[in-house]
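Note on naming: letters A, B, ... go to the chains in the order of the sequence lines (proteins, then strands), and numbering restarts at 1 for each one.
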Amino acid sequence: MKKDTEIRKDDIALELKNLRVKFVLERETVEAVNGIDITLKRGHTLGLAGETGAGKTTTALSLLRLVPHPGKVECDSLKVDGKDVLKMTSKELEKFRGSDLAMIFQDPMTSLNPVFTVGQQIADTIMLHNPTTKEDAMKQAEKMLELVGIPAVRAVEYPHQFSGGMKQRVVIAIALACNPGVLIADEPTTALDVTIQAQVLALMKKLRDERGMSMIMITHDLGIIADVCDEVAIMYAGRIVEYGTLKDVFNHTKHPYTEGLFNSLPNIRNRSERLKPIPGLMPDPSNLPKGCAFAPRCRYATEACRTARPADRMVSDTHMVACTAYDDPDFRIDRPEKD
Amino acid sequence: MSKKNETPELLVSRKYVRQSQIRIILHNLRKNKGAMIGLAIITLLVLVSCFADVLFDYDTEIAGLNISEKLIRPCKEHLFGTDDLGRDIFKRVLYGARYSLGVGFAATMIGMAIGVVFGAIAGYYCGLAEDIIMRLNDILSAVPSILMGIVIVSALGASTFNLMLAIGITSVPQFVRITRAAVLSVRNQEYVEALKATGMSEARIIAFHIIPNCMSPIIVQITLRIASAIIATSSLSFLGLGVPVPAPEWGSMLNLGRSYVRTASYLTIFPGIAILITVLAFNLLGDGLRDALDPKLRK
Amino acid sequence: MKKLISLLLVLALAVSFCFANGASEGKAAPVAQVEYKDTAVIGFQTKTSSISPPTQTSVMHRLFFNLTHDTLVDYDEETSSLKPGLAKSWTVSDDFKVWTFVLRDDVYFHNGEKFTADDVLFTWEFAKDDGSTNATVKTTYNKIEAIKVIDDTTVEITLKNGDIDFLYTYSNESYSVLNREAVTADAAKGPGIGTGPYMNDEFVVSDHTTLQRNEKYWGELPPTKTLEFRFISDATTRLAALEAGEIDVCQGPNNTEHNIIRANDDLILYVCPGMNLTFLAFNSEVPALNDPNLRLAIAYAINDQEIIDGAASGVGSVSDGMWGFFTYGYYDDWAGAGLASYQPQNIEKAKEYLAKSNYPNGGLTIRMTCNSAWTVGALQIIQAQLKALNITVEVQQLDSAGFTSMTKAKEHEVVIQSAALTGAGGDMAKFFTAGNTANTATYNNEKVTELFKLAGVEKDEAKRKDYYKQIQLIIHEEAPYIPLYYAGTGVAYSKKVSGAVWNGSGKFDYSQVKVEK
Amino acid sequence: MLRYAIKRLLLMIPVIIGVSFLIFFIMDLAPGNIIDTKIAEENMTDEEAEMLREQYNLNGSMISRYFKYMGGLVRGDLGKSYITGKPVLESYLEKLPATIVLAAASILVSVIISIPLGIYSAIKRGTFQDNTCMVLSFLGLSIPNFWLGLMLIITIALNVKWIPTSGFRGIASVILPAITVGTGLTATLARTTRSSMLDVLNQDYLRTERAKGNSEFRVVMRYALVNALIPIITIAGGQFAACLGGSVLTETIFAWPGVGRLIIDSVNSRDVPMVVGCIIMKSFSIGLVVLCVDLLYAVIDPRIKAMYARGRRRRK
């Protein structure tokens, strides 16, 4: 069922260059995303981490060109499996969505159409991209349900008869129905409680490895990123401030904001340790500060940080950080490096 | 811009939030061009209604007859032409604004006042109260409006107020049903339980929290009922139950011009247009108000 | 189903017709032979609710009964005289009590039963008890003491007390003869079976009535097979149906649309002077109105022609006396009798009478009530006209039942009404004698009541006319009623229609109607 | 589901009894009675009036007459009309087919016009098209029925041969009356469609549908509309029920043998058995239609079907 192209490790599944998204309202314009570059290798999983309001969901929606009105999307280039998404007509977009690039949404409670049976919703997706007879589509849908751990017999039931976790499994089944090359998961387990969260993540990992899918996992939970992702991108106020492999970002953390994130995580082993939350609040996206957006809350902030917009600096061939403090070569953050 | 909870700094003092809410509603209303047009027309109509006595002398120009000037087609002196008793239609349409506006608005208010109260009670207190009110409502809605008109007018005498009462009562069933449906959908929301938890009395909950949230379907119903109230006067005035005769109420003018539809259609066209404009004005304003009040649509 | 059969019949007829033409192709072309349709469609406006003659006396009902049933004696409206109907001849006793009729023996009911004297007896017995809920019919039948069947073709009717006008009343279609067997068999449809030129086929209340030709009719056979009467209450729609060719006759088009009919040269407009008099009635129990001078002042202040132009678009004729100009004993030479006619409008005379009344300079308010949208216009004109006498008029409109319950309870002040007058002088008594609901002026003058009684039994024509003259003079002076105008009735019909008899009363005769193809 | 339907049918009985009492009471309150109608037709002496009162048994208090009437009603006998003497039920059923045909055709016209208008203005919310759609839908409500009817007759029926001007003669004759009544209903239905579509278009699951690769047209017309159907059906069902009560003006203009005119004529002539009987039948048929609309909810929205399955509406 998998496309016949063999899996090449270094093949690029998704390439995004300089994505900018603005929401133009009458009295203000909200700059949700301010220049993001993503390259996702085939079969790899990129974690997109950041606090609420960092523009994660907007980025995901821009990949599918589903940003709602009044959003304005500007982007230098967006290629998925070599196809240039920006130049696609609405007809091509419709073929593209669901078969090449699929998405799993955050709140399962509202992501399923209440008046269609679960099986029907999956079968619809199948019929859209590889039209067959109704019965055949339904059989495939039942197979998908089995795949995500739901007994096929429940295909005729309606969304309101499923629990949150089961619904998320259905959403996953819908997304994977046409075997997409790339999957975007927008905080898939945030709305679920912890035990169900682990099951859903295990399921996603199993399916990803079986199908060699590349995936973008959007979450604010660093634990999930450690568990699922190969590479990590830390987002803050619409920009990627640190990007690298798991080892780079977790063990050789460079950016002060990433350090702050790790400090605000409770440590199972050392229970007495006091949490050090990041002071201050996310900046208001409608008037972002000049220079580095994190400067007002950064311990190491210097005058330079507050004036110039930090450039992306490659600290190793896989590790990037956007922080002007590193102009001074021997600048270090407190977090010790481990290898 | 994710939908998650607002960051703390926005939850400033409660007074500021309430004051700005009304300002926001007015701002949205001003933004909506349609609503502004509607408001302008209504204010114009109200002005005309109030100063009609100053503009025209009732006896000579509105009710006075001169058979010699019968059925003149619209021309310079008579912009809308003259009716079968030689009266100038333009002046009568302007003067009639007060009756139609009054009857339409007042009748709907009567209907709304009764309907919303019972609808809210039926919607909030489910079970027996709801069944009784809804069954009584079905019974009341079975009475044809013309029969209701005959009885009220003959029992209380023919006057504009009784006409409003007759039309108002026949619009009560719709209001009860609309309000009950709206209240039902609102009362199941979590925040109603939260309010109950704060020990607020049920009457206050209904009055200050549930009904304001049901305002949008009610406003839609108000604007629709005003339209049908004005038109109902023409069928009632056919039976002589409308506004007492010489008064130039649009509905009765429509009805008097009925037999001239082919030979002198302007007798019915201009009152018809007046009704159309009034109805449109109320609905554009109502629409604007509905969208302004509905937080979901404010994105 | 019936429509299907008649359709087939028509087709057969048409086909045979063409053959006839075809066959005679060789011979000289026949004289332009006009073909007539098998069905005539008539649009009418006043609702009918029964096919049983004793239950209804309204004009439209009598129009139908005239087609489906027959009476012993017929009334000829042109010559206003009586002519034989089912009875070939009749004789009456000197005291006008015992009437003996010699009946025809060649008449059959629609159900095939032979018409005999027994049917006359049965009709009387049937209508007397629960066969009719119509007060006038029951009262007339109650005047009959007994009916004796002498033999199949002779019947004798004995009245309780002599009535010279009995035959005029008995010739009314509501007293048509029913068939005993038919009614006993089916109480609903039985009374619909008569001896007339047409048979009742379909009857749907307020929708349509279809009559089929009675092939075995004893009189002159009608030319058209089917008469379809369609109830179309809106005048504009009815006229449009005529223009669209769906109906052949449109009864009572809107006065406002007469020029549309005149402009259309396929249509003919027949406007006949009406027999419906519109008048004002002053309730004499109201002290202020029980004053002849005030009433006369108002009578002279009103301009009838202006009312006709304003409220009836000019279709109607001025009336000068509360007595049908076609009714027996009509008198209008007011100057001859030293009185002045109410019309034309005479403001000085009105003011003169007003000065003599209890309200020398007016200043009173009178409530005038009407019961239909048409008469509201007339009241508004009177309202404006009476301003000259400083009398303010408050116009009130009620629906018909509310209106009658008010007049019956004498709670009205002035009412505007219209009543269908007849040719019989005695019929006018109901307006001027106590105990009648039509007497909305609650008028009670012994002299007038006495004169009506005398006229009822007076044989000598001259004396009877004189009695009626005296009545009219008294009424003209006391003016309990103010006559306004006779509303004209109109009929619009396609020029292909012929054979129908139009008249003022609205009881048109369609028995000989035919419509060219 | 069946249990719920039976419960609703049983609930209708008190309503019908209530309706019969209220109408009986109101008819008694209205001035004048059947005798006055007959007097209006032709003169009557006082004795004759009294004789007729006996025959129509109008003497006795309103309550006693009501219970006599109810005696008949319980046995299913709606009594006879004072005017025509025909049984009320027969007269009502005689007028029912035309009324149902007109009601169905009017709702069809209303739906055909309102739903596309409502959806289009919901999609284009706030723009110029939105306002024009709403203005269009308001034309129907603001133009008086009789004026529109007459205009249709004069302009269309006179020039188009196969469309009759009036009467209930075959399918073609229902076109103009249906347009007259239907356009009057568009205002309400179009607005309801617009507001319920607006609510649905904000839902998240439509984003899922779009992410699946559905075209915008399919998203709106298939996935969104189905969810928005409940309020639309409520209003359309209500309108159909109202039309079952007949539309007096349109029936008068088009000489349409409908129930509306039958009721109003009976009211005017104070034909009490006919008025009460027809209104009872009318409320019964309206009750049936409203019940069918409620049952239709379950067919459309499985969540509501679940509630019925548990026998009662789940309410907190």
Side-chain angles (χ1 to χ4, degrees), chain C residues 43 47-50 52 55-58 130 132-136 138-139 142 187-188 204-208 230-234 236-247 371 398-409 417 419-420 427 429-431 433-439, chain D residues 30-49 51-52 55-56 81-87 90-91 94-95 98 146 149-150 153-154 157-161 163-169 249 251-258 261-262 265 267-271:
Chain C
K47 196 160 77 92
T48 59
S49 36
S50 163
S52 161
T55 62
Q56 295 291 346
T57 50
S58 80
D130 60 6
S132 156
T133 53
N134 185 297
T136 319
K138 285 174 99 76
T139 317
N142 283 342
V204 178
V205 177
S206 351
D207 185 50
H208 72 279
R230 287 189 191 165
F231 174 74
I232 305 173
S233 58
D234 187 270
T236 312
T237 314
R238 204 165 45 246
L239 181 60
L242 178 66
E243 289 170 281
E246 284 160 30
I247 60 178
N371 66 359
L398 294 175
D399 74 325
S400 64
F403 178 86
T404 351
S405 91
M406 183 178 74
T407 51
K408 195 175 66 181
Q417 283 178 285
D427 267 358
K430 62 186 179 199
F431 294 109
T433 49
N436 285 304
T437 53
N439 186 352
Chain D
N33 51 33
I34 182 67
I35 309 292
D36 299 314
T37 315
K38 292 234 172 228
I39 289 174
E41 273 158 20
E42 24 80 46
N43 172 47
M44 229 187 270
T45 60
D46 299 343
E47 309 79 33
E48 286 160 4
M51 181 176 61
L52 272 184
Q55 199 164 350
Y56 284 117
S81 151
Y82 285 156
I83 304 283
T84 60
K86 271 169 71 175
E90 188 187 313
S91 314
E94 196 179 58
K95 304 285 180 195
F146 76 86
L150 287 176
I153 291 175
I154 295 155
L158 278 188
N159 306 325
V160 176
K161 268 295 155 259
I163 295 185
T165 58
S166 56
F168 178 34
R169 280 162 194 72
L249 269 178
E251 287 170 15
T252 315
I253 297 291
F254 289 95
W256 192 262
R261 202 146 52 99
L262 174 63
D265 287 350
V267 164
N268 284 335
S269 49
R270 299 298 188 273
D271 186 351

Portion of [X] that has a non-hydrogen atom of chain C nearer than 4.5 angstrom:
| X | result |
| --- | --- |
| D/Met51 | side chain |
| D/Ile163 | backbone |
| D/Ile39 | both |

* Under a 4.5 Å heavy-atom cutoff, which of D/Lys95, D/Glu47, D/Lys86 has the most pairs with chain C? ->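 Looking at each option in turn, the highest pair count goes to D/Lys95.
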* Tell me, out of D/Ile83, D/Ile253, D/Asp265, D/Ile34, who's got the most heavy-atom pairs with chain C below 4.5 Å. =>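 The option with the most such pairs is D/Ile253.
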* Salt-bridged, C/Asp399 to D/Arg270, with N to O below 4.0 Å? ->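 The answer is yes: the pair qualifies as a salt bridge.
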Minimum heavy-atom separation for [X] to [Y], with atom names?
| X | Y | value |
| --- | --- | --- |
| D/Ala255 | C/Asp207 | O-OD1, 4.4 Å |
| C/Ser405 | D/Gly32 | CB-CA, 3.3 Å |
| C/Ala244 | D/Lys161 | O-NZ, 3.7 Å |
| D/Asp36 | C/Lys408 | OD1-NZ, 3.0 Å |

* Asked: Given the rule in the side-chain contact (heavy atoms from CB on, under 4.5 Å) test, do D/Leu150 and C/Asp234 qualify, once you have shown the distances and angles that lead to the verdict?
  -> CA-CA 10 Å; D/Leu150 287 176; C/Asp234 187 270; 3.7 Å; yes
Under a 4.5 Å heavy-atom cut-off, does chain D meet the side chain of [X], its backbone, both or neither?
| X | value |
| --- | --- |
| C/Gln56 | side chain |
| C/Ser50 | neither |
| C/Ala240 | both |

A side-chain contact here means heavy atoms from C-beta on lying under 4.5 Å apart; do [X] and [Y] qualify?
| X | Y | result |
| --- | --- | --- |
| C/Ile232 | D/Thr165 | no |
| C/Glu246 | D/Ser166 | yes |
| D/Arg169 | C/Arg230 | yes |

* **Residue selection (most heavy-atom pairs with chain D, distance under 4.5 Å) from C/Ala419, C/Ala409, C/Gly402, C/Ala434** =>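 It is C/Gly402.
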* Structure fact -> Applying side-chain hydrogen bond (donor to acceptor under 3.5 Å, both in side chains) to C/Thr57 and not counting sequence neighbours gives C/Asn134
* What residues form a salt bridge (Lys or Arg N to Asp or Glu O under 4.0 Å) with C/Glu243, not counting sequence neighbours? ->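 For C/Glu243 the salt bridge (Lys or Arg N to Asp or Glu O under 4.0 Å) partners, ignoring immediate neighbours, are B/Arg262.
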* First locate atom CG of D/Leu158, then atom CG of C/Leu242, and finally report the distance between them rounded to the nearest 0.5 Å. => 10.0 Å
* Member of C/Thr139, C/Asn436, C/Thr437 meeting the side-chain hydrogen bond (donor to acceptor under 3.5 Å, both in side chains) criterion with D/Glu48 ->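 Answer after filtering C/Thr139, C/Asn436, C/Thr437: C/Thr139.
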